[in-house]
Amino acid sequence: MADFSAVRMRATPVPAEMALAPELPMPVTRATPRRHFALLINPFYAKDPRASYGKHVLTPTLALTSLAGATPEHWDIRYWDENLLQGPPPHEPVPHVVGITVHLTFAKRAYELARWYRMQGSIVILGGLHVLSCPDEAASHAHAIAIGDGVQLWPQILKDIERDALRPRYTANYARAYRLDPAPRRRVLPRESFLTTTSVIATRGCHNRCGFCYLATDGLHMPYRMRDVQQVVEEIAADGQPYTVFVDNNLGSRPDYLKRLCEALKALGIIWSAAVTIDVTDDPALVREMALSGCTGVFVGFESLNEGNLSDARKRSPAPDDYARRVALLHRYGIQVNGSFVLGFDHDRPDVFERTVEWIESNRLECATFHILTPYPGTPFFRQLEADDRILHRDWDKYDTAHVVFQPKHMSVEELDRGYAWCYDRLFSHASIWRRRPEDPRAVLSYLGMSYLYKRSNRIWHLLIKHRLTGAVWRPLIEHSRRRHLKFRSRLERMVLDDAAPVSQRASQYVSPGV
């Protein structure tokens, strides 16, 4: 068994700008807010030095661009993401309204921003998942909170502000037809700061309801909804980017819908990635259609290689013994796999770390992400651990899946923390990157380019983000990847394949698979 007692992280020390939120200047208490000016903010959160900083600028948050799309035309709207390292958010002129999305791990920063803008006379609205799970906590920091579907609520909130009739709490469900939502307003984005600005959601919800997942939060009832395929395609075409990231919880929950979507995407000539569950491989013909439509990578929540853990989490999934065959099917069609693994389940023991990484390497997953099991407030898992007195604290900043916030069952807190660190240390090592290289020698060079740029370049990522060079550096590589994939799918179209037949050449990409 690997020795975790002397884990030495290969990651460089975290630059201060990646670890600490920008300092807020003294508030302008005598300023008059500018009427009909709304500012939407994605607050800062500290970055995990064990993971890639690149994932934070893969694509912008869709929640805020969707709110921008729902904003009446007579309102001026501005988007600000503190994680782009451009300093504190703007306050001259003072916005009339400030909308802040609140997630668990940056709730403290969101509240700090809310207080700062309130002192300057802005009306502050808080929304997001943490507001849903802890509404009373959030309400004390804002003029009003939005619980549920913000796209429905935002226009009404602005209308009530204009009438001087703002209510303290607004609530909406997710039952409205998804096609009625306006398209996100991407023109508010700093395009040069992201690998792609085309973050798209085609479906909402998931056929799984895992007990540890945020979708299991009390009060969050999100029926599976699908947008019209043509609506999705038109939105992608309008943004004019070569690479699209679907941010759906599970794009493959309805295979019939995914097949129709793939048929429509073919004409765009783009490449795309998405989160799916591994059962998308139930139908090899569907996997082939994904490849033909431009799918170059999938993010798969394997979660665990232990069937007992999956059962406890209520995750409906194929047997872990069959994961390898299914990964091989995706690989045969040139689709890279970013596997997501959760560490610290009740069936996990100290050998889970080495076993998981060895499986990743033996199956040549191009990328993997690790998460320490985290009990989100308002979920069945949180209630279970709270009843068992296993919750260590409620410092929400640490509920980021990179810190241990509960007492594991079969290992110590320190063992889980060191094992998590070791997994990333091992995965990002030169040896592991080489072991996971594609079997096709012609795909190795571009795989290595992706691996080293994405996984071992945090020094570079910090500078790219700070100096707004992400788009300039990555988009030529994305375009190269897209052109290679067009050639690959042209060959694939001419082939008659059965489930056992190998594809002659895997498509090779610079783009990290998944979301």
Side-chain angles (χ1 to χ4, degrees), residues 1-2 4-5 7 9 45-51 102-110 128-138 208-220 301-315 317 320 339-357 368-425:
M1 183 181 296
F4 304 130
S5 63
V7 171
M9 291 308 303
Y45 51 90
K47 308 305 180 287
D48 181 0
R50 295 159 177 165
V102 189
H103 287 200
L104 183 66
T105 53
F106 52 73
K108 187 183 299 182
R109 177 61 176 182
L129 185 62
H130 189 61
V131 174
L132 173 69
S133 59
C134 299
D136 294 335
E137 174 189 298
N208 279 310
R209 194 170 174 84
C210 304
F212 64 88
C213 178
Y214 78 89
L215 288 176
T217 301
D218 294 338
L220 179 59
F302 295 103
E303 319 308 2
S304 177
L305 302 177
N306 184 302
E307 201 153 4
N309 289 332
L310 299 176
S311 176
D312 288 352
R314 304 200 307 271
K315 183 178 179 70
S317 176
S340 175
F341 298 89
V342 178
L343 306 167
F345 283 111
D346 278 358
H347 291 274
D348 287 344
R349 287 172 168 78
D351 65 343
V352 66
F353 312 108
E354 193 167 13
R355 285 192 297 104
T356 301
V357 173
T369 58
F370 303 101
H371 311 273
I372 294 174
L373 184 63
T374 300
Y376 297 131
T379 61
F381 183 53
F382 187 95
R383 290 193 298 273
Q384 172 193 329
L385 292 186
E386 190 173 42
D388 295 342
D389 197 28
R390 292 170 63 188
I391 300 289
L392 300 179
H393 58 75
R394 286 170 173 76
D395 180 358
W396 302 139
D397 285 0
K398 299 295 191 293
Y399 279 62
D400 59 357
T401 76
H403 295 83
V404 185
V405 299
F406 75 103
Q407 178 58 56
K409 189 170 186 179
H410 293 297
M411 64 184 97
S412 68
V413 169
E414 292 74 19
E415 284 177 313
L416 179 52
D417 181 65
R418 288 197 300 267
Y420 165 78
W422 179 86
C423 286
Y424 267 125
D425 197 18

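The figures here come from the full heavy-atom set of this structure, side chains too, leaving out hydrogens, waters and symmetry mates.
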*Classify the angle between the aromatic ring planes of F302 and F341 as parallel (below 30°), tilted (30 to 60°) or perpendicular (above 60°).*
parallel
*In sequence, state the C-alpha distance, the side-chain angles, and the governing distance for D397 and H403, and then conclude on side chain to side chain contact (heavy atoms under 4.5 Å, CB included).*
CA-CA 9 Å; D397 285 0; H403 295 83; over 6 Å; no
*Indicate the atoms forming the closest heavy-atom contact of R383 with G378, along with that distance.*
NH1-O, 3.6 Å
*asked:* I'd like to know if the side chain of H130 pairs up with that of E137 as donor and acceptor (distance under 3.5 Å, no hydrogens or angles considered).
replied: yes
*Are the side chains of Q407 and V413 in touch, meaning some heavy atoms are under 4.5 Å apart?*
yes
_Flag side-chain contact, heavy atom, 4.5 Å: F345 against N306_ = no
*Flag the pair L104 / P377 as yes when at least one side-chain heavy-atom distance between them is below 4.5 Å, and no otherwise.*
yes
_L305 to T356 - nearest heavy-atom pair and separation_ = CD1-CA, 4.0 Å
*Does a side-chain heavy-atom distance below 4.5 Å link E386 with R394?*
yes
*State whether the side chain of S311 and the backbone N or O of E307 hold a donor-acceptor pair below 3.5 Å, judged by distance alone.*
no
*With a 4.5 Å heavy-atom cut-off, do L416 and F353 have their side chains touching?*
yes
*asked:* Contact between P408 and E415 at the side-chain level, heavy atoms closer than 4.5 Å - yes or no?
replied: no
*Determine whether R349 and M411 make a side-chain contact, defined as any pair of heavy atoms from C-beta on separated by less than 4.5 Å.*
no
_Heavy-atom closest pair, residues H410 and D346_ = CD2-O, 2.8 Å
*Indicate the atoms forming the closest heavy-atom contact of F382 with P375, along with that distance.*
CD1-O, 3.2 Å
*Is there a side-chain hydrogen bond (donor to acceptor under 3.5 Å, both in side chains) between D425 and Y420 once you walk through the steps?*
CA-CA 9 Å; D425 197 18; Y420 165 78; over 6 Å; no
_Identified side chain to side chain contact (heavy atoms under 4.5 Å, CB included) counterpart of L385 within the set I391, T379, V405_ = I391
_For G344 against L373, the heavy-atom pair lying closest together_ = O-CD2, 3.7 Å
*Any luck finding a side-chain donor-acceptor pair between D312 and H347 under 3.5 Å?*
yes
*Lys/Arg N to Asp/Glu carboxylate O, R355 vs D348, below 4.0 Å*: no
_Heavy-atom closest contact (Y376 atom, T401 atom, distance)_ = OH-CG2, 3.4 Å
*asked:* Quick one about D400 and T105 (side-chain donor to acceptor, distance below 3.5 Å, no hydrogens or angles considered), yes or no?
replied: no
*Tell me, with the steps shown, if L343 and H371 meet side chain to side chain contact (heavy atoms under 4.5 Å, CB included).*
CA-CA 6 Å; L343 306 167; H371 311 273; over 6 Å; no
*asked:* The criterion is ring-ring contact (aromatic ring centres under 6.0 Å, His included); which residues satisfy it with H103, sequence neighbours excluded?
replied: F106
*State, yes or no, whether a side-chain contact exists between V404 and E414 at a heavy-atom distance under 4.5 Å.*
no
*Do D388 side-chain atoms and R390 backbone N/O form a donor-acceptor pair below 3.5 Å?*
no
*D389 CG: over 12 foreign heavy atoms closer than 6.0 Å*: no
